Amino acid sequence: MLDEIKKIESLEELQSLYTSVFGKNGTMTAKLKTMATLSNDERAALNTENTELRQAFKMRQTELEHAALNAKLSGEYVDVTLDTEPKNHGTLHPLTETLSQIGAILESLGYTMWTGPEVEDDWHNFTALNTPSYHPARDMQDSFFLDNGNVLRTQTSAIQIRAMEGAGVPIKMFGVGRTYRKEMDATHSPMFGQIEGLYVDKTDRHITMSDLVATIRTMLERYFERKLEMRIRPSYFPFTEPSIEIDIKWNGDKWLEIAGAGMVHPNVLRNCGINPDEYQGFAFGFGWDRIAMLKFGLNDIRKFYDGDIRWLKNSGF
Ligand code: DAH
């Protein structure tokens with residue numbers, strides 16, 4: 001029997017032989033049941049046989065298992081010197097990152113985020129914003145018009161109108177989104193992003209120009225994480241009166257225009273069904289890509305939209 005066990009070449013055969021010896025109806029099982037009737041010598045002999053058989057099975061099982069493992073290993077070959085596949089983890093786009101930072105700042109100041117359609121009608125993009133049909137701003141903006149008279153939104157200011165029409169006043173909102181104009185160079189892309197703020201409340205809340213300037217300063221200084229030197233210039237926008245432009249000192253000597261702003265024009269409030277004798281407020285708008293470029297020292301706005309992963313990886317975000 002011991003020789004027979006050694007010659008077995010497969011684990012299945014070994015298992016079936018084992019069952020025939022040690023199973024419920026196995027030969028050894030039967031013999032062991034007679035133990036009580038045996039003489040001492042016979043018992044000793046049976047015990048030895050029992051132990052030897054079990055050991056022989058165990059040993060053959062180990063040998064066969066090793067052989068099977070070796071066969072498997074020699075069939076598989078792992079070259080540990082090969083390069084592994086690079087694992088690229090996705091990240092948020094730099095502009096998404098910028099928006100979430102600015103958004104968090106504005107939300108901490110009590111502003112709620114709004115979006116609006118990129119294809120706008122004349123009312124929301126121009127007319128409600130106090131831009132009459134003959135106004136040169138409509139040409140100045142060099143817009144992409146659709147055949148039906150709609151326009152690819154030229155400014156997120158359109159979102160303020162939608163917000164006031166939709167939610168009424170008092171309101172403290174910011175609008176974000178893509179805007180479109182016919183211009184293209186390193187600092188202008190035909191598609192770019194704007195962030196717009198609007199705060200309108202009862203006149204007795206005294207929302208003033210200085211609140212506006214302080215809000216913009218707070219927002220920019222938190223975003224750029226440092227104190228900024230700011231300059232305010234009088235300007236003109238049809239939807240604000242008075243209107244200003246805000247510059248910040250950059251790289252020690254240069255003044256950079258960073259935002260347009262002003263007190264919401266009474267006509268704009270009226271166009272949204274709000275009485276300008278009861279309500280007043282301010283609005284501001286700035287370039288979403290532009291502040292991202294400044295923060296990270298990037299000089300070509302078009303790169304944001306190329307989708308070039310090498311650039312995105314090295315853009316400092
Ligand atoms: N819409 C202006 C632009 O695209 C930016 C702007 C200026 C927005 C003044 C405002 C504002 O809300 O009050 O150039």
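In each ligand, atom 1 is the first atom listed, and ligand 1 is the first ligand listed. Note that the coordinates shown come from a computational prediction; the quantities given were computed from them, not determined experimentally.
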Side chain to side chain donor-acceptor pair (under 3.5 Å) between Y199 and D211, worked out: CA-CA 10 Å; Y199 180 23; D211 297 321; over 6 Å; no
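Transitive grouping of hydrophobic side chains (ILVMFWY, heavy atoms separated by less than 4.5 Å) brings L256 and V213 into a common cluster. Cluster membership for L53 and M59, using ILVMFWY side-chain heavy atoms within less than 4.5 angstrom, is not shared.
Near T240, the atoms of ligand 1 lying under 4.0 angstrom from a non-hydrogen atom of the residue are 13 (O). Ligand-side atoms of ligand 1 in range of Q160: 12 (O), range being under 4.0 angstrom from any heavy atom. Contact atoms of ligand 1 toward Q155: 1 (N), 2 (C), 4 (O) (distance under 4.0 Å to a heavy atom of the residue). Atoms of ligand 1 found under 4.0 Å from any heavy atom of E196 (numbered from 1 in listed order, with element): 8 (C), 10 (C), 12 (O).
Evaluated by nearest non-hydrogen atom to atom 4 (O) of ligand 1, the leading choice among E241, R181, E257 is R181. Atom 7 (C) of ligand 1 has its nearest heavy-atom neighbour, among G262, G260, G175, in G260. Proximity annotation for atom 11 (C) of ligand 1: of F282, F239, F237, F239 comes nearest, heavy atoms only.
With respect to the salt-bridge test (charged N to carboxylate O, under 4.0 angstrom), the residues E257 and R231 do not qualify. We find that R162 and E165 are not joined by a salt bridge, their nearest charged nitrogen and carboxylate oxygen being 4.0 Å or further apart. A salt bridge does not link K202 with D204: every distance from a Lys NZ or Arg NE/NH1/NH2 to an Asp or Glu carboxylate oxygen is 4.0 Å or more.
The parts of A283 lying near ligand 1 are both backbone and side chain, judged by heavy-atom distances below 4.0 Å.
The backbone N or O of G175 sits nowhere less than 3.5 Å from a side-chain atom of T156 that would complete a donor-acceptor pair.
Checked by distance only, ligand 1 and S157 come closer than 3.5 Å through their nitrogen or oxygen atoms.
In this structure, Q194 counts as a contact residue of ligand 1, since one of its heavy atoms falls inside 4.0 Å of the ligand.
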